[in-house]
Amino acid sequence: MKTVVVSIGGSVVLSDEADSSFLQKLTTLFKKISEEYKLFVIVGGGSIARRYIQLGRQLGFDEDTLDLLGIDVTRVNARIITNLLGISNKEIPHTTSEALKLNLPIVVMGGTDPKHSTDLVGAEIAEKTRAVRFVNATNVDGIYDKDPKKFRDAKQLKEVTIDSLIAQYGTTWGAAGKNIFMDEPALAIIKRAKLTTYIVNGKRLDQLEKALTGQPFDGTTILV
Ligand code: UTP
């Protein structure tokens, strides 16, 4: 069975409003996908993680401690998803090697160690499992030429090369809670492992399904 890895932003799980019916539909989609593919779901921390990180930063905590706060939140979000799925792991693995040992149709996890985000965890699992695709489900419709939340005329990019992303963002981890479409160290893995990578809006389940199954979707393809 082929493997697909999806990294789902924490904001898709819980932001200001809880959306239980959306989560039911999301996990129903994951179960449908798992009939055809082995699925790894890596869950992010989103705005809740960033609020804890902001609090810790105001209190003068060091960067690794701020990352650990973020990691804890990703694991809480992962626990929500895994309990809803019912057919995945009960406990949340703390490392990618622990996750890779689990012989289950769907494996759900959050973050692992400081100095990267869950994007890197997803890229690492995709590399190690030789996944057919790595899907990053975020809260915007792909990568834009500028921030679509700030600029009305921002244009969605249908395709972008990994080299141009690395030229623009680099491959060094910035700071805890930094919220970009894909963390910089993950870009290095995508290039090295030549991962087929899609960026899609995780709230648009029809588009997410297309991206997960490799059909044309509304979002951005990273060319490797
Ligand atoms: P996320 O993966 O959620 O990052 O981890 P994000 O960029 O804010 O992504 P969205 O909004 O969910 O899509 C939140 C924070 O937790 C720490 C980092 O500080 C990260 O910014 N973290 C997470 C780690 O240090 N290591 C990990 O493996 C995962």
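Here the structure is a predicted model, which means the values were calculated and not measured. Atoms within each ligand, like the ligands themselves, are counted from 1 in listed order.
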Subject >> N/O separation below 3.5 Å, Gly10 to ligand 1 >> reply: yes

Original post:
Quick one: does Leu68 get an N or O within less than 3.5 Å of an N or O on ligand 1?
Top reply: no

Subject >> Residue from Asp141, Asp218, Asp145 passing side chain to side chain donor-acceptor pair (under 3.5 Å) with Gln156 >> reply: Asp218

**OP:** Identify, by atom number and element, the atoms of ligand 1 in contact range of Pro114, meaning under 4.0 Å from any of its heavy atoms.
**Re:** 25 (O)

Subject >> Part of Asp113 with heavy atoms under 4.0 Å of ligand 1, whether side chain, backbone, both or neither >> reply: backbone

**OP:** Could you tell me which atoms of ligand 1, counted from 1 in the order shown, lie closer than 4.0 angstrom to a heavy atom of Gly111?
**Re:** 27 (C), 28 (O), 29 (C)

Original post:
Is the count of non-hydrogen atoms from other residues, nucleotides or ligands lying under 6.0 Å from Lys146 atom NZ greater than 12?
Top reply: yes

Subject >> Atoms in ligand 1 with a heavy atom of Gly9 nearer than 4.0 Å >> reply: 12 (O), 13 (O)

Original post:
Hey, is ligand 1 close enough to His116 that some N/O pair sits below 3.5 Å?
Top reply: yes

**OP:** Tell me which protein heavy atom sits closest to atom 16 (O) of ligand 1, plus the residue, atom name and distance to 0.1 Å.
**Re:** Gly70 CA, 3.2 Å

Subject >> ligand 1 versus Arg50: contacting region, heavy-atom distance under 4.0 Å >> reply: side chain

Subject >> Residues Lys115, Asp67; criterion salt bridge (charged side-chain N to carboxylate O under 4.0 Å, His left out); working and verdict >> reply: CA-CA 7 Å; Lys115 298 192 168 55; Asp67 283 339; 5.7 Å; no

Original post:
For ligand 1, is Thr112 a contact, meaning one of its heavy atoms is under 4.0 Å away?
Top reply: yes

**OP:** Using non-hydrogen atoms of the residue, decide whether Trp173 is closer than 4.0 angstrom to ligand 1.
**Re:** yes

**OP:** Can you establish whether the number of heavy atoms outside Asn103 located under 6.0 Å from its atom CG is more than 12?
**Re:** no

Subject >> Distance filter under 4.0 Å to Ile71 heavy atoms, resulting ligand 1 atoms >> reply: 16 (O), 22 (N), 23 (C), 24 (C), 25 (O), 26 (N), 27 (C), 29 (C)

**OP:** Identify the protein heavy atom lying closest to atom 21 (O) of ligand 1, giving its residue, its atom name and the separation to 0.1 Å.
**Re:** Gly177 N, 2.7 Å

**OP:** Decide whether Thr82 and Ser88 meet the rule of one side-chain donor and one side-chain acceptor closer than 3.5 Å.
**Re:** yes

Subject >> Which of the ligand 1 atoms, numbered from 1, are nearer than 4.0 Å to a heavy atom of Val121 >> reply: 28 (O)

Original post:
What do the steps show when you test Phe40 against Lys38 for side chain to side chain contact (heavy atoms under 4.5 Å, CB included), and what is the final call?
Top reply: CA-CA 7 Å; Phe40 285 88; Lys38 161 106 190 192; 3.7 Å; yes

Original post:
Out of Thr95, Ile53, Asp67, whose heavy atom sits nearest atom 15 (C) of ligand 1?
Top reply: Ile53

Original post:
Can you tell me which residue and heavy atom of the protein come closest to atom 14 (C) of ligand 1, and the distance to 0.1 Å?
Top reply: Ala49 CB, 4.1 Å

**OP:** Following the transitive rule for hydrophobic clusters with a side-chain heavy-atom cut-off under 4.5 Å over Ile, Leu, Val, Met, Phe, Trp and Tyr, establish whether Ile8 and Leu85 coincide in one cluster.
**Re:** yes

Subject >> Contact check: Asp119 vs ligand 1, nitrogen or oxygen atoms, below 3.5 angstrom >> reply: no

Original post:
To which protein heavy atom is atom 9 (O) of ligand 1 closest, and what is the distance rounded to 0.1 Å?
Top reply: Asn179 OD1, 4.1 Å

Original post:
Hey, which atoms in ligand 1 end up nearer than 4.0 Å to a heavy atom of Ala176?
Top reply: 19 (O), 21 (O)

Subject >> Geometric N/O contact Gly45 with ligand 1, under 3.5 angstrom >> reply: yes

Original post:
Using a heavy-atom cut-off of under 4.0 Å, does the side chain or the backbone of Tyr52 touch ligand 1, or both, or neither?
Top reply: neither

Original post:
Quick one: are Glu124 and Leu120 in side-chain contact, heavy atoms under 4.5 Å?
Top reply: yes

**OP:** Please determine if Thr74 has a nitrogen or oxygen closer than 3.5 Å to a nitrogen or oxygen of ligand 1.
**Re:** no

Subject >> Rounded distance (nearest 0.5 Å) linking atom CD1 of Ile71 with atom OG1 of Thr118 >> reply: 10.0 Å

**OP:** Dump the intermediate steps for salt bridge (charged side-chain N to carboxylate O under 4.0 Å, His left out) on Arg57 and Glu63, then the final yes or no.
**Re:** CA-CA 8 Å; Arg57 192 165 270 132; Glu63 279 294 318; 2.7 Å; yes

Original post:
Polar-atom distance check: Thr118 versus ligand 1, any N or O pair below 3.5 Å?
Top reply: yes

Original post:
Are more than 12 heavy atoms from other residues, nucleotides or ligands located less than 6.0 Å from atom CD1 of Ile80?
Top reply: no

Original post:
How are the rings of Tyr169 and Phe181 set to each other: parallel, tilted or perpendicular (split at 30° and 60°)?
Top reply: perpendicular

Subject >> Exceeds 12 heavy-atom contacts within 6.0 angstrom, atom OH of Tyr144 >> reply: yes

**OP:** Return the residue, atom name and 0.1 Å-rounded distance of the protein heavy atom closest to atom 4 (O) of ligand 1.
**Re:** Ser117 CB, 3.5 Å

**OP:** Check step by step if side chain to side chain contact (heavy atoms under 4.5 Å, CB included) holds for Glu184 and Thr172.
**Re:** CA-CA 6 Å; Glu184 303 90 339; Thr172 321; 5.6 Å; no

Original post:
Within a strict 4.5 Å, meaning less than it, do heavy atoms of the Leu26 and Ile81 side chains meet?
Top reply: yes

Original post:
At what distance is the nearest protein heavy atom to atom 7 (O) of ligand 1, and which residue and atom is it?
Top reply: Lys178 O, 3.3 Å

